[in-house]
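Following: one structure in structure tokens, then a few remarks.
Throughout, protein chains are lettered first and strands after them, A, B, ... in sequence-line order, and every chain is numbered starting at 1. If you're wondering where the values come from, they're calculated on a predicted model, not measured in any experiment.
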2 protein chains.
Amino acid sequence: MKVARPYHHGNLRQAVLNEATAVVRERGAAELSLREVATTIGVTHAAPRRYFPGRQDLLDALAVEGFSRLGARLQDALDTSSGYREQVRAVATAYLDFMISEANLTELMFATKHGADGDAVGEGAAAAFAPLLQMFRRGQAEGALSNRDPERTGLVFLATLQGIAGLVHCGVVPPGQLDDLIDDALAQFSGLS
Amino acid sequence: MKVARPYHHGNLRQAVLNEATAVVRERGAAELSLREVATTIGVTHAAPRRYFPGRQDLLDALAVEGFSRLGARLQDALDTSSGYREQVRAVATAYLDFMISEANLTELMFATKHGADGDAVGEGAAAAFAPLLQMFRRGQAEGALSNRDPERTGLVFLATLQGIAGLVHCGVVPPGQLDDLIDDALAQFSGLS
DNA sequence: GGCCAATGTATCCAGTGGATACAATTTTTC
DNA sequence: GAAAAATTGTATCCACTGGATACATTGGCC
């Protein structure tokens with residue numbers, strides 16, 4: 001007896017997140033409208049407010065979810081490769097894949113403005129990047145890394161990937177050059193070669 | 001007889017740009033409202049539409065202006081320093097200074113969504129980065145650079161700076177670590193220690 | 001001096017985020 | 001098992017925004 005949609009949706013929160021994710025992916029975070037999401041789901045525009053009091057709360061939730069997915073991808077890249085250089089390359093590729101295939105979401109994740117739940121976003125980011133730092137620590141232990149602070153090196157590496165994605169994202173770099181850029185970046189970071 | 005503000009503002013376009021710049025600097029591009037800018041200037045909300053048909057046009061104009069200012073700063077950094085390593089450092093510092101002191105504007109400049117005038121934004125960006133490429137070509141000529149494609153090296157360098165600014169921007173990196181990060185990045189890019 | 005284009009004004013519309021009072025439903029409690 | 005309470009969604013406001021259009025004022029050009 002689930003026809004004629006019951007008064008209670010069931011799991012509105014997840015439905016809203018799914019629809020919002022789709023909208024962001026297709027049209028960007030700026031175009032996201034609470035009302036539109038609500039109506040396409042089939043509820044009043046005020047209904048999602050039970051879960052997301054304001055628009056920014058929804059955006060924050062999307063960002064947290066995004067970092068969670070990114071972290072999983074990075075961890076997976078680490079787990080399915082072995083050896084320092086291979087791991088670095090795998091992580092770099094996974095990171096850039098994510099940022100480019102989910103460009104709008106990435107822009108949202110790294111946006112400046114986060115709402116009351118901004119801490120959660122920050123924690124999500126930290127958790128996502130933890131595998132990277134771990135990798136760099138191992139790299140230093142194996143001597144494959146210069147004797148600098150692995151945390152700093154990791155950050156610079158991260159920054160480089162982030163920047164490459166950004167340049168591709170905003171059109172300064174054509175996607176075709178992407179692999180070459182990764183090669184250059186890796187060469188510079190592996191220290192050797 | 002300029003009291004009692006004349007019917008014609010005089011140079012509304014520039015006034016709008018100035019006010020919009022201030023708003024973006026203080027509250028970010030997302031908060032920018034054509035109407036608010038118009039009323040604080042003292043004209044009807046429809047008046048600026050003569051110059052900026054839509055909100056996005058104003059944002060694009062701000063981005064173009066931003067790239068122009070950034071380009072000037074980079075060129076200045078190049079002109080007031082000599083020697084490859086010094087120039088690289090000067091440019092990096094100038095670039096990061098700009099991006100951090102004008103964080104909101106930078107976010108706007110590198111945003112994905114540009115309107116009908118998007119080409120102008122792209123050209124502005126290219127013009128701003130021209131001094132950088134020039135510097136890298138010289139660096140290669142002087143042999144201070146590895147024998148890779150200077151264009152690609154420049155892009156990776158650019159990406160790294162961009163990424164560092166982004167990480168600082170979104171709070172992943174505390175500003176205090178900035179100088180150290182720059183040092184690391186420079187060490188990796190100068191190729192020599 | 002008078003015409004005409006440029007520049008602002010005055011008003012309208014649809015859509016959005018936000019807030020609040022109210023109704024339907026589920027869960028808890030006795 | 002029924003009444004009370006908490007949850008979840010609805011219905012309706014408000015202020016504001018971007019956008020569009022018709023109208024008024026001004027300044028330059030002949």
Side-chain angles (χ1 to χ4, degrees), chain A residues 1-20 22-24 26-63 104 108 111 113-118, chain B residues 1-20 22-24 26-63 104 108 111 113-118:
Chain A
M1 191 99 39
K2 61 193 61 164
V3 294
R5 87 184 155 197
Y7 190 90
H8 283 70
H9 179 284
N11 59 349
L12 225 194
R13 184 189 153 91
Q14 194 56 47
V16 168
L17 276 179
N18 291 343
E19 174 62 21
V23 170
V24 166
E26 292 163 13
R27 312 202 313 253
E31 303 271 338
L32 185 68
S33 151
L34 275 182
R35 283 173 126 86
E36 184 196 336
V37 169
T39 55
T40 60
I41 286 180
V43 295
T44 317
H45 72 273
R49 276 218 151 60
R50 300 284 169 194
Y51 305 96
F52 309 102
R55 175 190 147 89
Q56 189 61 51
D57 300 276
L58 175 54
L59 293 179
D60 285 357
L62 287 178
N104 287 334
L108 192 171
K113 286 281 183 188
H114 292 303
D117 226 12
Chain B
M1 190 98 39
K2 62 192 60 167
V3 293
R5 86 185 155 196
Y7 190 91
H8 283 70
H9 180 284
N11 58 350
L12 224 194
R13 185 189 153 90
Q14 194 56 46
V16 168
L17 276 178
N18 291 342
E19 175 62 21
V23 170
V24 167
E26 292 163 13
R27 311 202 313 252
E31 302 271 337
L32 185 68
S33 151
L34 275 182
R35 284 174 126 86
E36 185 196 335
V37 169
T39 55
T40 59
I41 286 180
V43 295
T44 316
H45 73 271
R49 277 217 151 60
R50 302 284 170 191
Y51 305 96
F52 309 103
R55 174 190 148 91
Q56 189 61 51
D57 301 275
L58 175 54
L59 293 179
D60 286 357
L62 288 179
N104 287 334
L108 194 170
K113 287 280 183 188
H114 291 303
D117 225 15

Between [atom2] on [N] and [atom1] on [X], what's the gap in Å once rounded to a whole number?
X	N	atom1	atom2	value
A/R13	D/dT8	CZ	P	12 Å
A/E36	C/dG15	CD	P	11 Å
B/L12	D/dT26	CG	P	16 Å
A/L34	C/dG17	CG	P	5 Å
A/L32	C/dG18	CG	P	11 Å
B/N11	C/dT7	CG	P	12 Å

Set of side chain to side chain donor-acceptor pair (under 3.5 Å) partners for A/N11, sequence neighbours left out: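 With sequence neighbours excluded, A/N11 shows a side chain to side chain donor-acceptor pair (under 3.5 Å) to no residue whatsoever.
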Which atom pair, heavy atoms only, marks the closest approach of [X] to [Y]?
X	Y	result
A/L59	A/A29	CD2-CB, 4.4 Å
B/T40	B/V37	OG1-O, 2.9 Å
B/A63	B/L108	CB-CD2, 3.7 Å

Separation of A/L17 CG from A/Y51 OH (nearest 0.5 Å):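 Those atoms lie 11.0 Å apart.
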For residues 54-63 of chain A, pull every pair meeting side chain to side chain donor-acceptor pair (under 3.5 Å), keeping only residues two or more places apart or in separate chains.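 Output for this query lists A/Q56-A/D60, A/D60-A/H114.
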Look for any protein N or O under 3.5 Å of an N or O in nucleotides 11-16 of chain D and output each such pair with its distance, or none.
residue: D/dT12; atom: O4; partner: A/H45; partner atom: NE2; Å: 3.3

Mind listing the residues from residues 48-61 of chain A sitting with a heavy atom below 4.0 Å of DNA chain C? Number order is fine.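 Per residue number, the list reads A/R49, A/G54, A/R55.
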Below 3.5 Å, can you tabulate the donor-acceptor pairs from side chains in residues 41-50 of chain A to any protein atom, sequence neighbours excluded?
residue: A/H45; atom: NE2; partner: A/R35; partner atom: NH2; Å: 3.1
residue: A/R49; atom: NE; partner: A/P53; partner atom: O; Å: 2.9

State which residues pass salt bridge (charged side-chain N to carboxylate O under 4.0 Å, His left out) with B/R27; sequence neighbours excluded, sorted by chain then number.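 Salt bridge (charged side-chain N to carboxylate O under 4.0 Å, His left out) list for B/R27, sorted by chain: B/E36.
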